[in-house]
Undergrad: 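Structure in structure tokens, see below.
Per chain, numbering begins at 1; letters A, B, ... match sequence-line order.
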Amino acid sequence: MNQPLQNLSMRPLEMDNEFRFSDEELILRFQKGDEQSYVELVNRYRDRLINYIYRFVSDIESAEDIVQDAFLKVYTHKHYYKQIAKFSTWLYTIAGNLAKTELRKKKTRKVTNLSQIGPKDKDFELPSVEPETDKVAQNEYIEKRIQIAINKLPLHFKTVTILRDIQEFSYEEISKIVDVPLGTVKSRINRARLQLQIELKDLKIGDSI
Amino acid sequence: MNRYQFEDSISAYLDNDLSISDRKLFEEYMNKNIDAKNLVDDIRSTLKSTKNFSNIKASKDFMPNLFKRIQFEKNRPVKKIIEKPSKSLFGFTPLYATLMSILVISFISIGINMWPQSILMDNSASAFTGDINPPNLNIKDINIKSQPQVLVSKEAKSDSSDTTIINKKNFRLNSKVQLVKDRK
């Protein structure tokens with residue numbers, strides 16, 4: 001059971017749905033010493049978590065580092081997980097806190113990574129909105145504009161917007177992750193969406209999606 | 001429905017969380033105001049765009065790097081602190097136990113000092129074991145004048161900084177005071 005990590009399969013376990021362990025079962029198995037369960041959890045959440053953190057820090061390298069930190073914490077603090085909450089809630093709370101710490105450090109450091117260069121720093125030709133235009137390029141442009149608008153939101157609005165509108169968590173799960181009442185979550189999401197529209201007032205998305 | 005109520009209800013409307021009556025009011029307001037309708041449509045479009053955001057995949061080095069970091073954590077030499085085996089008293093270390101004892105004793109002594117003096121004096125009468133009646137004296141004849149008696153040492157008379165002066169309190173026994181042995 002306690003094989004070195006490198007010897008374990010990095011690929012996700014190919015399980016039929018009926019035999020697929022839940023996240024909570026996997027973490028319990030990991031707490032008892034089954035490291036393959038840990039690898040399975042990493043495989044399940046790796047990409048989702050990188051996407052979540054990327055929306056915070058707008059830098060892929062930093063996002064990967066933070067996600068690795070989060071999984072490292074899960075490994076070293078596995079016994080801190082109690083079955084009161086879902087594993088995803090616990091994991092996203094850890095990752096979210098690490099992302100917020102990184103944002104605070106960034107504010108004091110004022111360093112721009114090369115991987116952060118966005119549309120403002122290089123020549124970007126605005127695609128035409130004519131029907132013949134490549135939709136992929138158009139969607140990329142829209143995505144970047146929305147991401148810039150999300151970055152301008154206050155942190156508590158940004159967090160709930162990313163969790164609800166991008167990661168598609170339910171209101172109840174978001175309430176547990178950010179540790180605020182359900183009503184507050186709904187109110188924040190509503191106000192965040194209104195504020196986002198003010199930032200995007202000149203962007204006509206329309207039928208281009 | 002006013003503008004503020006409308007804006008507060010937008011997310012609930014898009015999530016189909018409004019009651020039938022609230023939904024009706026919302027749609028009535030929206031249909032009467034073009035700006036309100038445009039706002040709802042824009043938010044709906046933005047939400048649709050966010051669902052189509054590109055999915056970022058982890059790099060190929062993600063897992064190997066993670067495993068390296070975990071191995072490093074596992075193999076990191078932990079500082080061994082050699083602690084002297086400490087004897088604990090009811091779970092307290094000796095230092096802690098001493099400090100707690102001092103605190104408890106302090107609280108008790110402060111409490112005794114702050115206790116009302118009258119209660120102490122009533123209770124202290126039974127402790128007196130001396131004989132208050134000298135053999136050949138009639139107590140009723142005694143009339144102690146209320147003059148403060150100041151005891152001053154010989155040295156203090158010449159040295160003004162001496163603080164050994166003791167002032168006796170004034171007291172007088174009157175006829176109302178009747179001692180136990182005189183009752184007949």
Undergrad: State, with a plain yes or no, whether a side-chain heavy atom of B/I56 is found less than 4.5 Å away from one of A/D47.
TA: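 With C-beta onward as the side chain, the pair stays apart.
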Undergrad: Can you tell me how far apart CZ (A/F71) and CD1 (B/I70) are? Round to the nearest 0.5 Å.
TA: 9.5 Å
Undergrad: What I want to find out is whether B/D8 reaches A/K186 closely enough, with some N-O distance under 4.0 Å, to be called a salt bridge.
TA: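 Salt bridge between B/D8 and A/K186, a charged N being under 4.0 Å from a carboxylate O: no.
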Undergrad: With the side chain counted from C-beta on, respond yes when A/E143 and B/T50 share a heavy-atom pair under 4.5 Å apart, and no when they do not.
TA: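 Heavy-atom side-chain distance check fails, nothing below 4.5 Å.
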Undergrad: Mark yes or no for whether A/D165, through its side chain, and B/L47, through its backbone, hold a donor-acceptor pair below 3.5 Å.
TA: no
Undergrad: Quick one: what part of B/D17 sits under 4.5 Å from any heavy atom of chain A, side chain, backbone, both or neither?
TA: side chain
Undergrad: Can you tell me if B/K51 has over 12 outside heavy atoms packed within less than 6.0 Å of its NZ?
TA: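 Counting neighbours around NZ of B/K51, more than 12 heavy atoms of other residues, nucleotides or ligands fall under 6.0 Å, so yes.
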Undergrad: What residue in B/D15, B/I10, B/L14 has the most heavy-atom pairs under 4.5 Å with chain A?
TA: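 Ranked by contacts with chain A, first place is B/D15.
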Undergrad: Could you tell me if the side chain of A/N51 sits less than 4.5 Å from the side chain of B/F53, heavy atoms only?
TA: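 Side-chain contact under 4.5 Å: no.
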Undergrad: More than 12 heavy atoms of other residues, nucleotides or ligands under 6.0 Å from NZ of A/K78: is that the case?
TA: yes
Undergrad: Is atom NZ of A/K73 surrounded by more than 12 heavy atoms (other residues, nucleotides or ligands) closer than 6.0 Å?
TA: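 No, NZ of A/K73 has 12 or fewer neighbouring heavy atoms, counting only those of other groups under 6.0 Å.
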Undergrad: From B/S45 OG over to A/Q197 CD, what is the distance, rounded to the nearest 0.5 angstrom?
TA: 8.0 Å
Undergrad: With a 4.5 Å cut-off on side-chain heavy atoms, are B/T46 and A/I146 touching?
TA: yes
Undergrad: If I measure from the heavy atoms of chain B, does A/I50 come under 4.5 Å with its side chain, its backbone, both, or neither?
TA: side chain
Undergrad: Within a 6.0 Å radius of atom CG on B/L103, are there more than 12 heavy atoms belonging to other residues, nucleotides or ligands?
TA: yes
Undergrad: Given heavy-atom pairs under 4.5 angstrom as the criterion, report whether the side chain, backbone, both or neither of A/Q167 touches chain B.
TA: neither
Undergrad: Could you tell me whether B/I110 atom CD1 has more than 12 heavy atoms of other residues or ligands within 6.0 Å of it?
TA: yes
Undergrad: Are the side chains of A/N139 and B/N52 in contact, using a 4.5 Å heavy-atom criterion?
TA: no
Undergrad: Please say whether more than 12 non-hydrogen atoms of neighbouring residues, nucleotides or ligands are located less than 6.0 Å from NZ in A/K158.
TA: yes
Undergrad: If you count heavy-atom pairs within less than 4.5 Å of chain B, which of A/I166, A/I150, A/T161, A/D69 leads?
TA: A/D69
Undergrad: With a 4.5 angstrom heavy-atom cut-off, is it the side chain or the backbone of A/L49 that approaches chain B, or both, or neither?
TA: neither
Undergrad: Any idea which heavy atoms bring A/Q68 and B/L66 closest together, and the distance?
TA: O-CD1, 3.7 Å
Undergrad: Evaluate whether atom CG of A/D179 has more than 12 neighbouring non-hydrogen atoms of other residues, nucleotides or ligands under 6.0 angstrom away.
TA: no
Undergrad: Does B/M63 reach the side chain of A/R46, with side-chain heavy atoms less than 4.5 Å apart?
TA: yes
Undergrad: For residues B/S9 and A/N190, report the shortest heavy-atom separation together with the two atoms involved.
TA: N-ND2, 4.5 Å
Undergrad: Quick one: what part of A/R48 sits under 4.5 Å from any heavy atom of chain B, side chain, backbone, both or neither?
TA: neither
Undergrad: Would you check if A/R191 and B/E7 make a side-chain contact, meaning some heavy-atom pair closer than 4.5 Å?
TA: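 Contact flag for A/R191/B/E7 side chains = no.
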Undergrad: Test side chain to side chain contact (heavy atoms under 4.5 Å, CB included) on A/Y75 and B/F67; report intermediate values, then the result.
TA: CA-CA 10 Å; A/Y75 190 93; B/F67 291 156; over 6 Å; no
Undergrad: Counting C-beta onward and ignoring hydrogens, is there a side-chain heavy-atom pair between B/S11 and A/R193 closer than 4.5 Å?
TA: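 In short, these two side chains touch, coming nearer than 4.5 Å.
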Undergrad: Report which part of A/E64 has an atom under 4.5 Å of a heavy atom belonging to chain B: side chain, backbone, both, or neither.
TA: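 Both parts, backbone and side chain.
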